[in-house]
Amino acid sequence: MGLGILEDHKLEHVPGTAYVLNDESRRVEEGLTADHNLKCDNSGPVPIILVPQPSDDPNDPLNWPLWRRDLILFVLSLQAVIAASLSPILAADTLKLALFYRRTFTDVALLTGWHLLGVGVAGFIFVPSSRVWGKRHAFLIGNIFLIFSSAWAGASGHNYKSMLAARTFQGIGLAPFESLVNPVVGDMYFVHERGKRMALTNFAVFGGAFLTPVVVGKMSHTIGWPWTFYLVAILSAAMLPALVFFVPETAFRRDERLNTDVSTKMEGHRLSVLKETAQERSFHADDRTPRTSDARTTESAHLPRKATYRESLKPFNGRKTDENYWKLLLRPLPLFFHPGILWACLTQGTLIGWTVFLGIILSAIMLAPPLFFDEVSTGYMYTGAFIGAVVGLIVAGLSADFSARWLSKRNRGVFEPEFRLILIIPQLILGCAGLYGFGITANNTYKYHWFWPDFFFALEVAAMVIGAVASSLYVVDAHRNIAIEGFTCMMVFKNIFSFGLTFHGYNWLVQGGINGIRNVFTAVGSVQVVICLLTIPMYIFGKRNRSFFARHDILKISGLW
């Protein structure tokens, strides 16, 4: 048992488990000999085994300079913030739009609900296409959808149905960024590099947009709400050249033997835990260079040529898999029965759903006596949510890689994906405190005014970002071979769940009577406690679960692999 994780005795190597640090005692016990072709990151005091092992192909994203990979991720994250801003963009204008369209609060909430449903449905289309032809075309198409649908929404006038259609198309434009930016981290980075990058992308997709209502409330009051959509169209159009010229294809067909994290064989693992001597190392300035000149000479004779910059601009550059598109389209469906994927859906999806729920009712709560907030003041309430998202980014970014590296060291150099689940502890504390606290304080704004509901809103959003990082990292590290389908499941679950909440949010509060807000959020907080506690058996039995589904592949059983 490694740090409370039950060992598996069925497979030679359990997918997801990786030897990332050299350990002297393990070398002595197992009588291993050095593999001189193994690639490591030797920049620190202790060599870190590169997982997965990069190929020697210059077109392999794992071989690109770190500054280039970070630039690609920055551009995608920036566009993801712009795209994700469309989800809460109407939060501050609920009352104004209800009067403008002469519709109920629920009808206005459904402008967000149908937008989220568009994200979930479009994800089913973009995800399999990205598996077959790569991700670049999906990002370009998504950006173009964002430009025209945002301009359409701004010009929709008093036509509610036209606005509803535009919001749905905006969801289609958001889908590639919500479903594919996180898998890009798995494409371009090694296990020990992913933590803070995954924190950044989850902040971009789920947290950065909380600044939107702060700006939108003021803009709507000053120049009118249609300009909030025009601004998104303008910013997306400005980002299109950056996507075209600086974001090449990140999907890459790598030899399966190099994917040491998803293999069920021990080859390449037993050799990677050795304590090296100085004489055995022959690294060059690039810390990922193979150790023997003979190996480099032999391999270089068979290397493909490096693609030119002009070739990298193509939206399509060949198939990334020989698998059938329609099978890939259906793959996410049986994965809802996979415990690891289902856990990730619940961990990420419910807190995002509660955040959407809280957002659609916030305006109604704040405009009631004694506060009587207008759209500007309601928009300013999201300052707390944005600060909470930043706090979540900092907590997850600082602790994700550090905690995994520290636990791996205590586990004698062996990394287990379950080490990522430690992040659920701050999610439980912050998230449940936020939900319970918001229910109590928002139910009595005469006593608590606006600050305390906003404070607890910030805690809930911080927990949402942390939970999104934890679940995303776990899916990439534990099930990288099905990670993109796993992210599809997470996206579909959270958007359909959020869509359902937009239908019933206001009704729940009204039906609860005088203490409706407190009662609803007490129930919601209790549900979240139970979901967080599911992490305990996931941590203990996670390795055996990975082994079981490696031996009983749910996709092969369903005929979709």
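Predicted model, so just to flag it, every value in this text is computed and none were measured.
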- Apply the test side chain to side chain donor-acceptor pair (under 3.5 Å) to residues Gln79 and Asn143: give CA-CA distance (whole Å), side-chain angles for both, the deciding distance (0.1 Å), then the verdict. CA-CA 8 Å; Gln79 178 56 49; Asn143 181 273; 3.2 Å; yes
- Query: Taking it one step at a time, do Lys96 and Asp374 satisfy salt bridge (Lys or Arg N to Asp or Glu O under 4.0 Å)?
  - Reply: CA-CA 9 Å; Lys96 176 177 282 190; Asp374 59 9; over 6 Å; no
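- The aromatic rings of Phe316 and Trp133 sit perpendicular, their planes meeting at an angle over 60°, well past the 30° parallel limit.
- Without hydrogens or angle criteria, Arg136 side chain to Thr250 main chain gives no donor-acceptor distance under 3.5 Å.
- Counting heavy atoms from C-beta on, the side chains of Val232 and Ser85 come closer than 4.5 Å.
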- Item | Stepwise side chain to side chain donor-acceptor pair (under 3.5 Å) test for Glu460 and Thr355 | CA-CA 7 Å; Glu460 192 273 344; Thr355 306; 2.8 Å; yes
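- Smallest separation of non-hydrogen atoms from Ser179 and Phe487: O-CB, 3.9 Å.
- Contact check for Leu86 versus Ser150: side-chain heavy atoms found under the 4.5 Å cut-off.
- Residue Phe105 qualifies as enclosed at atom CZ: its count of foreign heavy atoms under 6.0 Å is above 12.
- Asp107 is not listed as a side-chain neighbour of Tyr101, based on a closest heavy-atom distance of 4.5 Å or more.
- Checked by atom type and distance alone, the side chain of Gln348 never pairs as donor or acceptor with a backbone atom of Cys345 at under 3.5 Å.
- A distance-only check finds a donor-acceptor pair linking the side chain of Thr228 to the backbone of Trp225 [under 3.5 Å].
- Contact annotation: the side chain of Asp70 never approaches that of Trp67 to less than 4.5 Å [non-hydrogen atoms, C-beta and beyond].
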- Task: Decide side chain to side chain contact (heavy atoms under 4.5 Å, CB included) for Glu193 and Val185; before the verdict, give the C-alpha distance in whole Å, the side-chain angles of both, and the deciding distance to 0.1 Å.
- Result: CA-CA 9 Å; Glu193 297 175 328; Val185 176; over 6 Å; no
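- Going from atom CE of Met464 over to atom CG of Leu358 covers 11.0 Å, rounded to the nearest 0.5 Å.
- Judged by distance alone, the side chain of Asn202 and the main-chain N or O of Val465 form no donor-acceptor pair under 3.5 Å.
- Considering CZ of Phe124 and CE of Met491, their distance stands at 7.5 Å, rounded to 0.5 Å.
- Not a single donor-acceptor pair under 3.5 Å links the side chain of Tyr325 to the backbone N or O of Arg131.
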- Task: Under the side chain to side chain donor-acceptor pair (under 3.5 Å) rule, what do Thr522 and Asn519 come out as? Steps first, then yes or no, please.
- Result: CA-CA 5 Å; Thr522 297; Asn519 293 339; 5.5 Å; no
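- In this structure, Arg69 and Pro61 have side chains that are not in contact, with every pair of non-hydrogen atoms separated by 4.5 Å or more.
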Kindly list each side-chain donor-acceptor pair under 3.5 angstrom involving residues 111-119, sequence neighbours excluded, with atom names and distances?
from: His115; atom 1: ND1; to: Arg167; atom 2: O; distance (Å): 3.2
from: His115; atom 1: ND1; to: Gly171; atom 2: N; distance (Å): 3.3
from: His115; atom 1: NE2; to: Ser87; atom 2: OG; distance (Å): 3.1

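- Around the NE2 atom of His137, the shell of radius 6.0 Å holds more than 12 heavy atoms that belong to other residues, nucleotides or ligands.
- Taking Val215 as the reference, Met219 meet the side chain to side chain contact (heavy atoms under 4.5 Å, CB included) condition, with sequence neighbours excluded.
- For Arg420 (side chain) and Ala400 (main-chain N/O), a donor-acceptor pair under 3.5 Å exists by modelled atom type.
- Aromatic ring pairs are classed by plane angle as parallel below 30°, tilted from 30° to 60° and perpendicular above 60°; the pair Tyr230 and Trp227 is perpendicular.
- You'll find the side chain of Tyr382 stays beyond 4.5 Å of the side chain of Val216, heavy atoms only.
- When only modelled atom types and interatomic distance are considered, Thr350 and Gln528 share a side-chain donor-acceptor pair under 3.5 Å.
- In this structure, the separation between CG on Leu367 and CG on Leu371 is 9.5 Å, given to the nearest 0.5 Å.
- Nearest heavy-atom pair across Thr445 and Pro370 is OG1-CD, 3.2 Å.
- Interatomic distance, CD of Glu311 versus CG of Asn59, reported as 8.5 Å (0.5 Å rounding).
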- Message: Could you go through Trp64 and Phe252, starting from their C-alpha distance and side-chain angles, then the distance that decides it, and tell me whether this counts as ring-ring contact (aromatic ring centres under 6.0 Å, His included)?
- Response: CA-CA 12 Å; Trp64 294 345; Phe252 181 77; 8.8 Å; no
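- In this pair, Phe357 and Trp508 present their aromatic rings perpendicular. The plane angle is above 60°, beyond the 30 to 60° band.
- Of the inter-residue distances, the one linking Asn515 atom CG with Ile440 atom CD1 reads 11.0 Å to the nearest 0.5 angstrom.
- Annotation: side chain to side chain contact (heavy atoms under 4.5 Å, CB included) contacts of Phe337 (sequence neighbours excluded): Ile554.
- Closest non-hydrogen pair, Ala442 versus Ile517, comes out as O-CD1, 3.6 Å.
- Checked by atom type and distance alone, the side chain of Ser472 never pairs as donor or acceptor with a backbone atom of Val469 at under 3.5 Å.
- Nearest approach of Tyr474 to Gly340, heavy atoms of both residues: CE2-CA, 4.5 Å.
- The main-chain N or O of Trp450 is never found under 3.5 Å from a side-chain atom of Asp454 such that the two would form a donor-acceptor pair.
- For the pair Lys135/Val181, no side-chain contact is recorded, criterion being any heavy-atom separation below 4.5 Å from C-beta on.
- For the pair Ser156 (side chain) and Asn159 (backbone), a donor-acceptor distance under 3.5 Å is absent.
- Tested against Ile424 for a side chain to side chain contact (heavy atoms under 4.5 Å, CB included), the candidates Thr347, Ile466, Leu534 yield a single pass: Thr347.
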- Between Trp452 and Phe455, is a ring-ring contact (aromatic ring centres under 6.0 Å, His included) present by the stated rule, with each step listed? CA-CA 5 Å; Trp452 287 109; Phe455 173 78; 5.3 Å; yes
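- Annotation: Lys320, atom NZ; neighbour count of heavy atoms from other residues, nucleotides and ligands within 6.0 Å is above 12.
- In terms of modelled atom types and a separation under 3.5 Å, the side chain of Arg197 and the main chain of Leu73 share no donor-acceptor contact.
- The structure places CD1 of Ile72 at 5.0 Å from CE of Met188, a figure rounded to the nearest 0.5 Å.
- Leu333 places a side-chain heavy atom less than 4.5 Å from the side chain of Leu330.
- For the pair Arg103 and Tyr160, the cation sits on the ring face: its NZ or CZ lies under 6.0 Å from the ring centre, inside 45° of the axis.
- Nearest heavy-atom pair, Ala433 versus Leu459, reported as atom, atom and distance to 0.1 Å: CB-CD1, 4.4 Å.
- Within a 6.0 Å sphere centred on OH of Tyr436, other residues, nucleotides and ligands contribute more than 12 heavy atoms.
- Aromatic ring centres of Phe203 and Phe206: separated by at least 6.0 Å.
- Few gaps surround CH2 on Trp152; more than 12 heavy atoms of other groups in view lie less than 6.0 Å from it.
- Scanning all heavy atoms of the two residues, the minimum distance from Val529 to Cys432 falls at CG2-SG, 3.4 Å.
- Using a 4.0 Å cut-off between charged side-chain N and carboxylate O, Asp401 and Arg194 make no salt bridge.
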